[in-house]
Amino acid sequence: MTDKKEKKPAVAKIIDGKEVANAVKESIKREVAGMIDKGGNGPHLAAVLVGDDPASQTYVAAKEKAAHAVGMMSSTYRYPADMSEQELLEVIEYLNNDNEIDGFIVQLPLPAHIDESKVINSISPDKDVDGFHPVNVGNLVLGKPGFISATPYGIMELLNYYNIETEGKHCVVLGRSNIVGRPVSILMSQKSGANATVTVCHSRTKNLPSITKKADILIAAIGQPEFVTADMVKKGAVVIDVGIHRIPDDTKQKGYRLTGDVVFDEVSKKASWITPVPGGVGPMTIAMLLKNTLQAHKNKLEAGKKA
Ligand code: NDP
């Protein structure tokens, strides 16, 4: 016999996005039920879908189903792919002025002949529950109230739910997109929020592993399947994997498997906390969209009282 303790590989604790998303949705459901009990209508979320991209159709259907599940009203406005930009802007104008609709999203991507930023800029910031309008992005940067886009908002909720310490930690964000990397880097650095020290990396970053290895919290949002390997991660780091990819796999019934930007099997043996794919960041996105819609509804009621 030996008195040496057997060295077991460390296994990260799982950040369970399904559990957290369910908790967020349960809380929304209770609040909406309370509003309806008091004679209100509850929030109403609308989605605008242009064209027949299968992924977009799936996302919009999932959003509609989730809205109904928490007791919200939900409407989807469907248009053919050859809809003109002007026609879409008119739909947005209509939704901006429809007092029954609290918030709406225009499902991206749009057909190539439509200017996405023109469309986003035309959405009323008060109804922009995706948080993509420059006014909401500006409020995010300034740390003022506004709609935070759902995926970064969901990441913050995950860290918060599990009481993961962020203050003073070194957070490395891989990716600087407008919908994930950049907003999450701002949220992580905010004084009245996560209060972390943040490094943002992108495709021109030199010697990436030397930077990721210094991260206490590593947020991977680069859209490259299984890019982050164990040798890029510091022992005990918190790893948030935003990526989602379908990898062809004949051993699976569906013919593919889902994976993230991180090699889960090896990184989970080194990290202290990790989000799985699927079941990590993904489920949070719709939950936070609903949270924004509830907030838009409350803002409308508040504004009505003041008027
Ligand atoms: P984008 O393609 O818009 O942005 C990717 C970012 O990663 C860019 O900033 C790019 O740099 C950087 N990048 C790409 N390759 C490298 C590399 N080799 N090294 C360093 N940086 C690199 O992606 P998104 O932000 O929209 O999405 C990222 C991932 O998250 C995707 O897999 C997407 O499917 C997923 N996603 C998941 C969501 C969810 O709900 N779970 C929601 C949204 C996205 P540069 O700026 O220089 O081009």
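We're numbering straight along the sequence, starting at 1. As the structure lists them, so they are numbered: ligands from 1, and atoms in each ligand from 1.
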Is there a heavy atom of Thr205 sitting under 4.0 angstrom from any atom of ligand 1?
no
Tell me which part of Ile244 gets within contact of ligand 1: side chain, backbone, both or neither, using heavy atoms under 4.0 Å.
both
Ligand 1 atoms in contact with His245 (distance to a heavy atom under 4.0 Å)
32 (O)
In sequence, state the C-alpha distance, the side-chain angles, and the governing distance for Asp98 and His44, and then conclude on side-chain hydrogen bond (donor to acceptor under 3.5 Å, both in side chains).
CA-CA 11 Å; Asp98 183 349; His44 189 163; over 6 Å; no
Lys38 with Glu31: basic N within carboxylate O range, under 4.0 Å
no
Measuring from non-hydrogen atoms of Gly282 to any atom of ligand 1, is the shortest distance under 4.0 Å?
yes
Is Lys127 salt-bridged to Asp102, cutoff N-O under 4.0 Å?
no
Enclosure of Arg246 CZ (heavy-atom neighbours >12, cutoff 6.0 Å)
no
If you have a sec, work out which protein heavy atom is nearest atom 40 (O) of ligand 1 and how many Å separate them, to one decimal?
Thr285 OG1, 2.7 Å
Would you indicate whether the side-chain heavy atoms of Pro183 and Val137 approach each other to under 4.5 Å?
no
Of all the heavy atoms in Leu174, does at least one lie under 4.0 Å from an atom in ligand 1?
no
In this structure, are over 12 heavy atoms from other groups packed under 6.0 Å from Tyr94 atom OH?
no
Closest to atom 18 (N) of ligand 1 among protein heavy atoms sits Phe227 CE1, 3.4 Å
among protein heavy atoms, the one nearest atom 47 (O) of ligand 1 is Ser203 OG, 2.5 Å
Set out, in order, the CA-CA distance, both residues' side-chain angles and the distance that settles side-chain hydrogen bond (donor to acceptor under 3.5 Å, both in side chains) for Glu26 and Asn22, then state yes or no.
CA-CA 6 Å; Glu26 272 309 311; Asn22 283 339; over 6 Å; no
How far is atom 43 (C) of ligand 1 from its nearest protein heavy atom, and which residue and atom is that?
Val180 CG2, 3.8 Å
Within the supplied structure, the quantity of interest is the number of heavy atoms (other residues, nucleotides, ligands) at a distance under 6.0 Å from Glu165 CD; does it exceed 12?
no
Using a strict 4.0 Å cut-off to heavy atoms of Gly243, name the atoms of ligand 1 that fall inside it.
29 (C), 30 (O), 32 (O), 35 (C)
Does the residue Cys201 have a heavy-atom contact with ligand 1, meaning some pair of atoms that are separated by less than 4.0 Å?
no
Atom indices of ligand 1, in the order listed, that fall short of 4.0 Å to a heavy atom of Val242:
30 (O), 35 (C), 36 (N), 37 (C), 41 (N)
Lys300 atom NZ: more than 12 heavy-atom contacts under 6.0 Å
yes
Would you mind running through ligand 1 and noting each atom that sits below 4.0 Å from a heavy atom of Gln224?
14 (C), 15 (N)
Of the protein's non-hydrogen atoms, which lies at the shortest distance from atom 4 (O) of ligand 1, and what is that distance?
Ser177 CB, 3.7 Å
Of all the non-hydrogen atoms in the protein, which one sits nearest to atom 20 (C) of ligand 1, and at what distance?
His202 O, 3.2 Å
Ion pair Lys269/Glu266, N-O distance below 4.0 Å:
no
Would you mind checking which non-hydrogen protein atom is closest to atom 5 (C) of ligand 1, with the distance to 0.1 Å?
Ile222 O, 3.6 Å
Location of contacts on Met284 toward ligand 1, heavy atoms closer than 4.0 Å
neither
Among all the protein's non-hydrogen atoms, which is closest to atom 9 (O) of ligand 1, and how far away is it?
Arg176 N, 2.9 Å
To the nearest 0.5 Å, atom CD of Gln86 lies from atom CD1 of Ile114 at 11.0 Å
Any non-hydrogen protein atom less than 4.0 Å away from atom 2 (O) of ligand 1
no
If Ile, Leu, Val, Met, Phe, Trp and Tyr residues are connected whenever their side-chain heavy atoms lie under 4.5 Å apart, and connections chain through other members, are Val238 and Val242 in the same group?
yes
